[in-house]
Amino acid sequence: MEKKSENLIIFFLVVFSLYCSLILGMSWDEPYHYDLGKNRLKYLFSLGRYEYISPFVWTINSSHFPGFYDTLTAFISQMIPIKYEIQMHHLINLLFSFYTIVGIAKISKTIFNKKVSKIIFVISFFNPIFFGHMSINPKDTIVAFSNVWATYFIIRYLQTQHLEIKRKYFSTLIGIVIGFGVGVRIIFIGTLLPIFILFFLDAFFIKVFRSKKFSIINFFKDLIKIFIIVYFMMVVFWPEVHSNIFVLPFKFIFESLNETTFGSFWGLLNGEFYKTTNTPRLYLIINLFYKLPEYILLTYIIFIFTILKDQIFFENHFKLFNIKILYIIFIITFPIFIAFITTLKIHDGLRYFLFLIPYLSIIPGISIYYLIYNLKSVLNKFFVILVFIPFLYFLFVFFSLTPYQYTYLNQFNGKFSYSSEKFENDYWGISIKELVKKIELNSEFKKDKIYKIAYCGINYDIGDYYLKQIPNFKFVKTSKDENYDYILMTNRHNGKNTDKLEQVKTCFQAYKGEDVIVVKKKGLLLSTLRRKI
């Protein structure tokens, strides 16, 4: 009976995520990644004879992007009619994202137990930060996938290195998943720094996971093997380095580390604009505090309380619990600490730190496991109610935001409908597809008239793509700083790199007029077609 219930839940989760995946519009970066993948695919299939033209994203040349994943998805998408290309890409992204959640469940099962892993699976799936990106993000979700599975395979390698077949198997898989991540974004290696540190500590000093027959000689042999696999996967779909695969990769890596012109110049954090080259030190803390569901924040408090109150329970249920939980805390806090002490350029919410979200579900999972296991206690019953009621409310909000879950903000943010003044909610611009569909149904627009349409806060190519799909709708694209009839926008910032802080506004603030067509969720304006008055 329990197995049937679990299968039913998984079936519902899969169907729901598939539904969201298929109705979502393109995210900001998607057209660029489609073109990048197709160009590199043509280059490879022509064995280098095709004149590869490097597309651009903002001011960065694509030479900084190895392009493994883009080329792979381009190859798969070529097998279906082009009109379903977007949906196919979303489904591929979804598949890897879903297996990221499976990966964190397998890690939890390995280091704790099966029951804890099931709880963590559900918490991870319903995390709005991660779920909202599952289908539309062709970079950060794949980085998360590679990070989580690299962690799992490293643990299994440490446990089974003395077995020759297992050693070859897991060392190969480590190379493949790390190569996969590096083939998406080179700085993926940085996300593995806490994992590498813990690996060496465990292999040579702490010895929580490593087998008693761990061989240092075999380890160094496997390290060379892993490096070769990673390097091959990094350069094979990277045409810009094919003229010199031993020098150019490192040249581009160092260039990309010093590059600060990519992406957004400004960000909006809790109602305050900031220049992304001077990101506030508490950026991650603030985002996590407002974007994690309330019940998850509560479980962290409960965890601290229960550890102090009933340490013996955890020691009896989980072998070497204290060291393992310190490992998890280190994995979570290391990136936060690095972001705090350095001048990392961060924007677009938590998209660059999606790899952290699955790990953030582990401690809540342990807390809930403890409460369920000790339900007879009056205090624990109170804690269960304290967590369960906010969880039910969160689920209501979660489904109410479909399919824009990544715009979620918890109650600590204040009234959700006013949050466009605090955060750039639909920074991916995925609600544009729904907005344009509403234009098609609106009788205000005449077939014999040509409309001047401006854009703000969206990828112009995406705006053109969806507007051109409206039958008999004629428009010319014009600048938002010139004369226009309507402006199509989200609430991203409207600042230029040369602007002063006091000049920066959101698109909603900068361009006044009458909202003719809108996309709203729970009263929050995500995108609008605004008539100039």
Side-chain angles (χ1 to χ4, degrees), residues 66 68 100 103-104 106-108 110-111 139-140 142-162 166-211 214-235 249-250 253-254 256-257 284 320 323-342 344 352-360 362:
F68 182 95
T100 304
I104 200 67
K106 288 186 74 68
I107 291 173
S108 305
T110 302
I111 64 179
K139 295 193 294 284
D140 306 295
I142 313 307
V143 165
F145 167 86
S146 301
N147 181 288
V148 167
W149 281 98
T151 302
Y152 174 71
F153 291 139
I154 285 171
I155 292 172
R156 298 295 291 131
Y157 174 83
L158 284 167
Q159 292 174 329
T160 62
Q161 195 231 32
H162 61 289
K166 294 284 188 181
R167 173 192 150 223
K168 290 179 179 177
Y169 177 68
F170 286 117
S171 61
T172 301
L173 289 176
I174 290 170
I176 290 172
V177 294
I178 293 179
F180 205 88
V182 170
V184 173
R185 184 184 280 145
I186 299 171
I187 59 171
F188 160 74
I189 287 293
T191 74
L192 288 176
L193 277 177
I195 310 301
F196 290 154
I197 292 170
L198 291 176
F199 172 82
F200 282 103
L201 287 175
D202 201 89
F204 298 103
F205 302 104
I206 304 176
K207 303 175 184 179
V208 172
F209 296 112
R210 60 156 280 186
S211 65
F214 188 86
S215 168
I216 302 300
I217 294 174
N218 284 340
F219 162 69
F220 282 108
K221 287 181 181 177
D222 293 334
L223 199 60
I224 295 170
K225 170 186 170 182
I226 290 168
F227 176 80
I228 292 171
I229 294 172
V230 171
Y231 202 82
F232 173 78
M233 292 182 68
M234 180 176 70
V235 302
F250 298 99
I253 287 170
F254 288 121
S256 66
L257 291 175
L284 288 182
L320 299 172
I323 297 176
K324 289 177 180 178
I325 207 68
L326 285 175
Y327 277 16
I328 300 301
I329 292 172
F330 180 72
I331 290 171
I332 293 170
T333 57
F334 185 87
I336 297 174
F337 176 72
I338 294 299
F340 181 84
I341 64 172
T342 61
L344 291 176
Y352 293 110
F353 294 86
L354 281 188
F355 65 90
L356 265 185
I357 304 304
Y359 297 104
L360 282 164
I362 293 177

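Everything numeric in this text was worked out from a predicted model, so none of it was measured.
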Colleague: In Å and rounded to the nearest 0.5 Å, what is the CG to CD1 distance from Leu223 to Ile216?
Modeller: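 So the gap between those two atoms works out to 11.5 Å.
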Colleague: Any side-chain to backbone donor/acceptor pair from Asn147 onto Thr191? Under 3.5 Å, distance only.
Modeller: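 Yes, Asn147 side chain to Thr191 backbone: donor-acceptor pair under 3.5 Å.
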Colleague: Answer yes when Asp222 and Lys168 have at least one side-chain N-carboxylate O distance shorter than 4.0 Å, and no when they do not.
Modeller: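 No, Asp222 and Lys168 are not salt-bridged.
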Colleague: Check Asp202 with Lys207, please: is the shortest side-chain N to carboxylate O separation under 4.0 Å?
Modeller: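 Salt bridge absent between Lys207 and Asp202.
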Colleague: Would you check if the distance from the ring center of Tyr157 to the ring center of Phe153 is below 6.0 Å?
Modeller: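 Ring-ring flag for Tyr157/Phe153: false, centres at least 6.0 Å apart.
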Colleague: Within the side chain of Arg210, is there an N or O that forms a donor-acceptor pair under 3.5 Å with the backbone of Ala203?
Modeller: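 Flag set: sc Arg210 to bb Ala203 pair under 3.5 Å.
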Colleague: Quick check: are there more than 12 heavy atoms from other residues, nucleotides or ligands sitting under 6.0 Å from CZ of Phe196?
Modeller: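 Yes, CZ of Phe196 has more than 12 neighbouring heavy atoms, counting only those of other groups under 6.0 Å.
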Colleague: As an exercise, state the distance from CD1 of Ile332 to CD1 of Ile357, rounded to the nearest 0.5 Å.
Modeller: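 Ile332 atom CD1 to Ile357 atom CD1 measures 9.5 Å (nearest 0.5 Å).
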Colleague: Do Thr151 and Tyr359 meet the criterion of a side-chain donor-acceptor pair at a distance under 3.5 Å?
Modeller: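 There is such a pair (donor and acceptor under 3.5 Å, judged by atom type) between the side chains of Thr151 and Tyr359.
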Colleague: Between Ile104 and Ile107, is there a side-chain heavy-atom distance shorter than 4.5 Å?
Modeller: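 Side chain of Ile107 against side chain of Ile104, heavy atoms only: contact under 4.5 Å found.
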Colleague: Would you say the side chain of Phe219 lies within less than 4.5 Å of the side chain of Phe199, judging by non-hydrogen atoms?
Modeller: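 They are in side-chain contact.
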Colleague: Hey, what do you get for OG1 (Thr172) to NZ (Lys225), rounding to the nearest 0.5 Å?
Modeller: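 If we round to the nearest 0.5 Å, Thr172:OG1 and Lys225:NZ are 3.0 Å apart.
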